[in-house]
Novice: 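The structure under discussion is supplied below as C-alpha cells; questions concerning it will follow.
Quick note on labels: first sequence line is chain A, next is B, and so on, each numbered from 1.
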Amino acid sequence: MVDRLERLTDLVLVLLRDNRPKSLREIASEVPGYPAQEGEARRQAFERDKRTLRDGGIEVSAVPIDGPEQVGYVIRPDNYYLPDLDLTPDEQSALNLAVAGVHLGDPSGRDALWRLGLAASAGARPVAELPALPALAVLHGALRAGATVSFDYRAERRRVDPALLRFHGGWWYLVGHDLDRVAPRTFRVDRMEGDVTAGAPGSAKLPDGFDPDAALPDVPWRIGEGGEVTVELHVDATLASLVLDEVGYAALAHRHDDGSVVVRLEVTNVAALRSWLFELGDHAVVIGPDEVRAEMVRWLEAVAAPPARR
Amino acid sequence: MAQRADAGSRLLRLLAVLTWLARQRRASVSELSERFGLEPDELIADLELAACCGLPPYTPDQLMEIIVDDREVIADLGAELARPRRLTAAEGFALAASARAIAAVPGADPDGALRRAVAKLEAALGGRGSLRIDLQEPAQLAAIRDATESGRQIELRYYSASSDRESTRIVDPVSVRAIEGRWYLDGYCHNAQGMRRFRIDRVLSSRLTGEPSSHRDEVDADPDSQPSDAFVPGPEAKVAQVVVDGNATWIIDALPTSSREAMPDGRTRVGIPVASTVWFGRLLLRLGPHAEVLSPPELAEAGRQAARQVLARYRETAEDRTTSSAT
C-alpha cells in the first residue's frame, strides 16, 4: 500500500515536470498508488487528490488533449512557482521578524516564510495580535486580483468592488464601491454573513478618483452623512490628556486652570458621539450647541427614570 | 508528539522542507525540525518517504536523492524543487498583514527594510496599497516601550475605567503588545504584587524610577490572561441579562457576550458578563432607552445611578454657563 503522502508527492512531480498535459490513464501508470483498474474508484481517488492540492494552493489545470480520454492534467509552472521577489538579506530578515512579531491566529504567515525559503524565527514574542477571520484571505485575494466580491450583510446580498482592507480601532473593514447602491461603502468584515465569494480577476472597476479614506473616517462621529455640527465638550482634569490623545490636540479649544479642557469636534453622527462620550462617564459633558446638549440630557433622563410598571 | 497532520498539510510541509533542502543541500535534523516545527521522528519519516518519490520508472537515478541519518540530511534535488511555490491566499494575506502591522508600530522599521520588502511583495503579488493597518499611538507608548526594552522600572499614573479611579503604580515592565489594535503593557505591579496588564492609552503619565526592572525575564503572564481593566469577565463576573432592540445591537456586537437569543418581539436577549459595575453603568448609558436589564436587580440600578451622576454634571455646567454669561 502506497502512503497517500507519497502518491501526492509523486503526482506533483509528474504533473509539474515537462509542462505537458497528461491523461488520467497516463498519470495512473506513472504515479504509484492509484487503483490498478480504470474506472470510478480511480477517478474518485484522483479527484480527491486534486482537491487536496487545490486546498493547498496547487492548481491542477484540466485541458483538452487528443486521444480517447480527451482531458489532460498539468500543473502550470506559472501557477505553481512564486515570482522572484529579489529580497535583499535585510529585507528578508525584516519580513521574518514581522511574521514572528504578529499573531494572526493561524500558521499561514510561517507557511509563507517557508515558501519564500526564509527561516521562521522561533520563540519570538508577538508584538501585535490581530483578529483572524476566514473572509480576510478571500477579500485580500480579491483586492490583489481586482475582483468584485459578494457577500451577505445585514441580511442583504452585496456586490462590492473592493478598494481597501483596513484594520482600524480593533476591527477589520472592507472599503469599496457598492455596485447596487452606486456609492462608496464600508463593511465590518466580522459582520459579513456566510461565505465571501470573489468574481473573475479584473472584474472590479473602481470609479475614477475613488478615495477609500473618505469612505472610512478615523473617528466614529464622522461616520455617516448627517449634517455637520460643531460640538463642544468639557472634559475634566482626570481624562483631559487621554481624550486629547484620542481626538488630537487640534481639537483643543481651551484649557482651564484646573486642568480641565474644552474640546471642539466636527460631528456628522451624533449617535456615535453619544456612545463614545458616555464611555467617559461623568468626566465629560456637552456644553454646546444647546440642541445637542438638550438631546444628551433627555437621553440621560430617560435612563435615570425609575422603571415603568410592566 | 504533535498531532498527526492530514496528507494535504503534510505534503505542503514536505514540499517546503524539500525547497529548503534543494537550496541548502545539507542540514542537520535538529535545525530542520526546529525551522519547520516538526518532531525529528516525523521529519525523518517524511523525508525517508520522499526519498522513494520521483519520476517513473522510479529507478534510483529517477528518485529524489535524499540521504537521511539520525543527525543529518543530505540532498541533491534539482532546480524544480529549489524554486519556491506560490503563496496561497491565506499565506499572501498573512505575510502582507504581518508586514503592514509591524510597519505600523512606531519605530519598528528604522531603516525602511520592511517597507521595501512590502513594496516588492506587493509588486510581485499584486494588491499594492490595498491593505492598511492602523494601530493606536498612545502618548505614553514610546516611553513605556523604551523602559521595557532597556529593562527599567517605571512609575505609572493610571486611570482605571472599571473602578473610575486614578492610581500610581510601580511596575517592572515585561512586554508591550498591540492586541486587536490597542496597546497593552504586561508587567509586575509592585502595588498589586503580581503580574498585571495595563492599557497604555489609560496611562496618564510615566517616569523612570531609576531602578532596574527586577522581573525582566519573567515569563508572560498567562497568554490567555485578559486585560485586568477591560470589560473582560473574570471568575467573579456576574452575568447581566439584557434585552436590546435593533438600534442598539451595533454596541452589543462589540462586546463579549455569554449568550444571545432572538426574542419573539424582534429584540435580542444577551448575557453580558460584568466585572465592574461602573463599566456596566456606562454601557447602559450608551444603550439608553434601547436596552432593558432583566436581571440581576442590583445591576439594573447601575444604569440609573450612572445617569444621575452624569446629569448632576450637566446641572453644574449649566450653572457655570449662567454664571459666566452674567459676568
Side-chain angles (χ1 to χ4, degrees), chain A residues 3-6 8-10 13 30 52 55-57 81-83 85 87 90-91 94-95 98-99 101-102 104 108-109 111-112 114-117 119 122 125 128-129 131 136-137 140-141 143-144 164-170 234 241 245 275 278-279 281-282 285 287 297 299-300 302-304, chain B residues 7-8 10-12 16 19-20 23 34-35 49 53 55-56 83-91 93-95 98-99 101-102 113-114 116-117 120 124-127 130-134 138-139 166 175 177-181 204 282 285-286 288-289 303-304 307-311 313-314 317:
Chain A
D3 189 293
R4 178 141 185 261
L5 176 60
E6 189 178 337
L8 286 166
T9 309
D10 285 329
L13 293 174
E30 292 191 355
T52 302
D55 290 346
Y81 292 116
L82 190 70
L85 297 179
L87 296 169
D90 63 329
E91 291 161 2
L95 266 188
V99 170
V102 177
L104 271 165
S108 299
D111 293 353
W114 290 351
R115 238 17 116 61
L116 298 174
R125 204 198 292 273
E129 290 177 30
L136 290 169
H140 187 241
L143 276 158
R144 281 161 52 186
L164 178 68
L165 201 52
R166 182 171 177 192
F167 182 73
H168 182 81
H234 178 266
S241 66
D245 207 14
S275 180
F278 287 155
E279 273 192 280
D282 62 353
V285 295
I287 50 179
V297 170
W299 180 280
L300 289 165
V303 180
Chain B
R10 281 174 73 203
L11 172 72
L12 298 181
T19 298
W20 176 262
R23 294 177 170 193
E34 190 179 328
R35 190 177 293 281
L49 184 143
C53 297
L55 289 173
R83 282 180 63 191
R85 279 209 309 115
R86 289 184 75 86
L87 304 179
T88 62
E91 290 166 350
F93 169 72
L95 202 56
S98 301
I102 295 300
L114 187 57
R116 289 195 302 277
K120 286 182 180 177
L125 306 177
S130 64
L131 184 64
R132 186 174 332 150
I133 291 177
D134 304 333
E166 193 187 307
S175 74
R177 270 190 279 187
I179 301 173
E180 312 213 328
L204 302 162
R282 290 177 184 177
L285 290 186
R286 297 167 63 203
R304 283 189 281 280
R308 284 195 295 269
Q309 262 179 20
V310 184
L311 279 169
R313 293 279 295 120
Y314 273 88
T317 51

Novice: Considering only heavy atoms, which portion of A:Ser275 lies under 4.5 Å from any heavy atom of chain B: side chain, backbone, both, or neither?
Specialist: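 Contact with chain B involves both backbone and side-chain atoms of A:Ser275.
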Novice: Is A:Asp90 in contact with chain B via its backbone, its side chain, both, or neither, using a 4.5 Å heavy-atom distance?
Specialist: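 Both parts, backbone and side chain.
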Novice: Can you give me the closest heavy-atom contact between B:Leu114 and A:Ala98, atom names plus distance?
Specialist: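 Answer, listing the atom of B:Leu114 first, then A:Ala98: CD1-CB, 4.0 Å.
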Novice: For chain B, which of A:Gly169, A:Pro131, A:Gly109 has the most heavy-atom pairs under 4.5 Å?
Specialist: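 When all of A:Gly169, A:Pro131, A:Gly109 are compared, A:Pro131 has the most.
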Novice: According to ring-ring contact (aromatic ring centres under 6.0 Å, His included), who are the partners of B:Phe93, at least two apart in sequence or on a separate chain?
Specialist: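 Expected list: A:His140, A:Trp172.
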Novice: So do the side chains of A:Leu104 and B:Ser98 get within less than 4.5 Å of each other, counting heavy atoms only?
Specialist: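 Heavy-atom side-chain distance check passes, below 4.5 Å.
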Novice: Select, from A:Trp299, A:Phe278, A:Tyr81, the one with the greatest count of heavy-atom pairs under 4.5 Å involving chain B.
Specialist: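 Ranked by contacts with chain B, first place is A:Tyr81.
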Novice: Which one of B:Ala139, B:Ala16, B:Gly303, B:Gly8 has the most heavy-atom pairs closer than 4.5 Å to chain A?
Specialist: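 Heavy-atom pairs under 4.5 Å are most numerous for B:Ala139.
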Novice: My understanding is that only residues two or more places apart in sequence, or in another chain, count here; which of them pass salt bridge (Lys or Arg N to Asp or Glu O under 4.0 Å) with A:Asp55?
Specialist: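 If we apply the salt bridge (Lys or Arg N to Asp or Glu O under 4.0 Å) test to A:Asp55, skipping adjacent residues, there are no hits.
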Novice: In Å and rounded to the nearest 0.5 Å, what is the CZ to CG distance from B:Arg308 to A:Leu300?
Specialist: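 The distance works out to 12.0 Å.
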Novice: May I ask you to name which of B:Ile133, B:Leu204, B:Leu131 has the most heavy-atom pairs under 4.5 Å with chain A?
Specialist: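 Sorted descending by pairs with chain A, the first entry is B:Leu131.
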Novice: Given that the side chain runs from C-beta out, which part of A:Leu8 has a heavy atom under 4.5 Å from chain B: side chain, backbone, both or neither?
Specialist: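 Contact with chain B is through both the backbone and side chain of A:Leu8.
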Novice: Rounded to the nearest 0.5 Å, what's the gap from CG on A:Asp3 to CG on B:Leu49? Could you check?
Specialist: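 Spacing of CG (A:Asp3) from CG (B:Leu49) equals 5.0 Å.
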Novice: Rounded to the nearest 0.5 Å, how far does OG1 of B:Thr19 lie from CG of A:Leu82?
Specialist: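 The OG1 atom of B:Thr19 is 10.5 Å from CG of A:Leu82, to the nearest 0.5 Å.
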Novice: Rounded to the nearest 0.5 Å, what's the gap from CD on A:Glu129 to CZ on B:Arg177? Could you check?
Specialist: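 Answer rounded to 0.5 Å: 5.5 Å.
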Novice: Quick check: closest heavy atoms across A:Leu5 and B:Ala7, and the distance to 0.1 Å?
Specialist: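 Between these two residues, the closest heavy atoms are CD1-O, 4.0 Å.
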Novice: Please report the interatomic distance CG(B:Leu311) to CG(A:Asp282), rounded to the nearest 0.5 Å.
Specialist: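 That separation rounds to 10.5 Å.
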Novice: Who among A:Val285, A:Thr52, A:Thr9 has the most heavy-atom pairs with chain B under 4.5 Å?
Specialist: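 Heavy-atom pair counts peak at A:Val285.
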Novice: To the closest 0.5 Å, what do you measure between CD (A:Glu279) and CG (B:Leu285)?
Specialist: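 One finds 10.5 Å between CD of A:Glu279 and CG of B:Leu285.
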Novice: Do you know which of B:Glu180, B:Arg313, B:Arg132 has the most heavy-atom pairs under 4.5 Å to chain A?
Specialist: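 Heavy-atom pairs under 4.5 Å are most numerous for B:Arg132.
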Novice: Between B:Gly288 and A:Val303, what is the shortest heavy-atom contact and its length?
Specialist: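 Where B:Gly288 meets A:Val303 most closely, the heavy atoms are CA-CG2, 3.5 Å.
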Novice: Can you tell me which of B:Ala117, B:Ser130, B:Ala307 forms the most heavy-atom pairs within a distance under 4.5 Å of chain A?
Specialist: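 Top count of heavy-atom pairs under 4.5 Å with chain A: B:Ser130.
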Novice: Using a 4.5 angstrom heavy-atom cutoff, name the option from B:Pro138, B:Ala113, B:Gly181 with the most pairs to chain A.
Specialist: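 Heavy-atom pair counts peak at B:Ala113.
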Novice: So, does A:Arg144 use its side chain to make a donor-acceptor pair with the main chain of B:Gly126 at under 3.5 Å?
Specialist: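 The answer is no, because no donor-acceptor pair under 3.5 Å joins these two groups.
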Novice: How far apart are the closest heavy atoms of B:Lys120 and A:Leu85, and which atoms are they?
Specialist: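 That would be CD-O, 3.5 Å.
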Novice: At a 4.5 Å cut-off on heavy atoms, which part of B:Gln309 comes close to chain A: side chain, backbone, both, or neither?
Specialist: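 Contact with chain A is through both the backbone and side chain of B:Gln309.
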